Amino acid sequence: MRFKFSLLAIFLEALIIVLFGIFVRYQEDQRITNRVNIHKTILKSFGYEMNQIFQDVHVMIFVGFGFLMTFLKKYGFSSVGINMLIAALGLQWGTLVQGFWHMKEQKIHINVKSMINADFSTATVLISFGALLGKTSPVQMLIMTILEIAIFSCNEHLVVNVLRATDTGASMTIHAFGAYFGLAAARVLYRSGLKEGHKNEKSAYHSDIFAMIGTLFLWLFWPSFNSAIAETEYLQQRAVINTYFSMAACTLTAFALSSLVEHRGKLDMVHIQNATLAGGVAIGSCADMDIYPFGAMLIGSIAGFVSVIGFKFLTPFCSSKLKIHDTCGVHNLHGLPGFLGGLASIIAAAAHVRLKGTDSPSAPMQAAALGCTIGIALVGGAITGLILKLPFLGQAPDENCYDDSVYWEVPEEETHLVGQFSDSEDHRTINVNV
């Protein structure tokens, strides 16, 4: 760790600083030279109106995703800490890689919108991280961040600029891509030693509470995520409304189905932490379409249903039969709902649902975007998994998985004193753990 991780992190940051020095500049706006109403013009030209949306997305990346993964009882430091590491590297690298597709005069001009897009590219890696949580080293995650964001940006360019598909809330390009990329990498990195489970791959009461904090942050800010890059104010409002009602319907469905499928009708915290967010994922591709609130609610309800069923039945099947160990269940929160979102956009396009002020999306192009995204994610994830499997990258042995103490300084655990006390009245010997 001391040399592999530190030297790699320093090298990557130094490289990024050099590349920023060569290519990255502030976005210039000639309107600020106009002295008429200059104050208002400056605020608008520098993205003042998008600052709040940017902060919402930023909170989702660093707080929402980070705390959502703290459910493992001995892996909280890594869940939040490595999440922060990935995000810090990813937003810098994403700014560069995405900027290379839109260079003007050999320069990358950045503004608040480009920063939001950089956060989006980071979200893709954090989704994949969930599938590999507890089984990879920090060195492996740095390498995966570099590789995945590069592949993600190519796929995004294909979907948005070549196929001209509609994916405002990124059901396909972020959620489905990140999930299937992570699942492919997990399949390549599969460990037979973890087939029967691991003693640390469990939650505790307090760890589930922390994870629920992440869920609530994500739930509250998801409308901003889905509306952040909408082209007009009208479409932005439409995306907020659709996401708002989709997530509400999804939550009710997830609660109901969790009680239905669990023993004695009790709620499962895993379902509540994850499936309640599936509506935000599934509505993404249709977020700015005029599908009406009832349409958004229908999509959200289906997403909640699919997500809970996935956690209950599909995850064990994938682990035992397909040898895909998905720690956080990203297939059920991001993969299946992301695929559902792509299907919903195809149906909406086929029904000629128009976006106000724009042409209706093409159903064949929506289908092509969904297929290309999943295909590129699976191939890219498998190749990345092969690279991460190289033995010198510091992957922890099976017995040390899901344990912060392998890579972190952790407080000493409470000492457990075992003693024997004799009960003089009935001559029983009592074992007491303190």
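Just so we're clear, the structure is a prediction, and the values are computed from it rather than from any experiment. Counting from 1, the numbers follow the sequence of the chain as shown.
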Ring-plane angle category for His175 and His334, please: parallel below 30°, perpendicular beyond 60°, tilted otherwise.
parallel
Would the distance check show the side chain of Thr70 and the main-chain N or O of Ala211 forming a donor-acceptor pair, the cut-off being under 3.5 Å?
yes
Side chains of Glu13 and Gln92: is there a donor and an acceptor less than 3.5 Å apart?
yes
With respect to Ser301, which candidate in Thr253, Val306, Leu257 satisfies the side-chain contact (heavy atoms from CB on, under 4.5 Å) definition?
Thr253
For a side chain to side chain donor-acceptor pair (under 3.5 Å) with His325, tell me which candidate from His198, Glu201, Arg191 qualifies.
Glu201
Would you say Phe305 has more than 12 foreign heavy atoms packed within less than 6.0 Å of its CZ?
no
Can you tell me if Glu148 and Thr384 form a side-chain donor-acceptor pair at under 3.5 Å?
no
Under 3.5 Å side-chain donor-acceptor pair for Trp219 and Thr276:
no
Between Ser345 and Gln366: side-chain donor-acceptor atoms closer than 3.5 Å
yes
Examine the side chains of Asp56 and Gln52 and answer whether a donor and an acceptor come within less than 3.5 Å of each other.
yes
Do the ring planes of His331 and Tyr180 sit parallel (below 30°), tilted (30 to 60°) or perpendicular (above 60°)?
perpendicular
If you apply the rule side chain to side chain contact (heavy atoms under 4.5 Å, CB included), what do you find for Asn274 with Leu68, and how did you get there?
CA-CA 8 Å; Asn274 295 277; Leu68 181 63; 4.2 Å; yes
So, applying side-chain contact (heavy atoms from CB on, under 4.5 Å) with Phe225, which one of Ile174, Asp119, Leu218 is it?
Ile174
Tell me if the CZ atom of Phe221 is crowded by more than 12 foreign heavy atoms within 6.0 Å.
yes
When you check the side-chain N and O atoms of Thr315 and Asn332, is any donor under 3.5 Å from an acceptor?
yes
Does the side chain of Lys73 pick up a donor-acceptor pair with the side chain of His206 at under 3.5 Å?
no
So for atom OH, which belongs to Tyr244, do other residues, nucleotides or ligands contribute more than 12 heavy atoms lying within a distance under 6.0 Å?
no
Result for side chain to side chain donor-acceptor pair (under 3.5 Å) between Gln273 and one of Asp268, Thr215, Asp208 points to Asp208
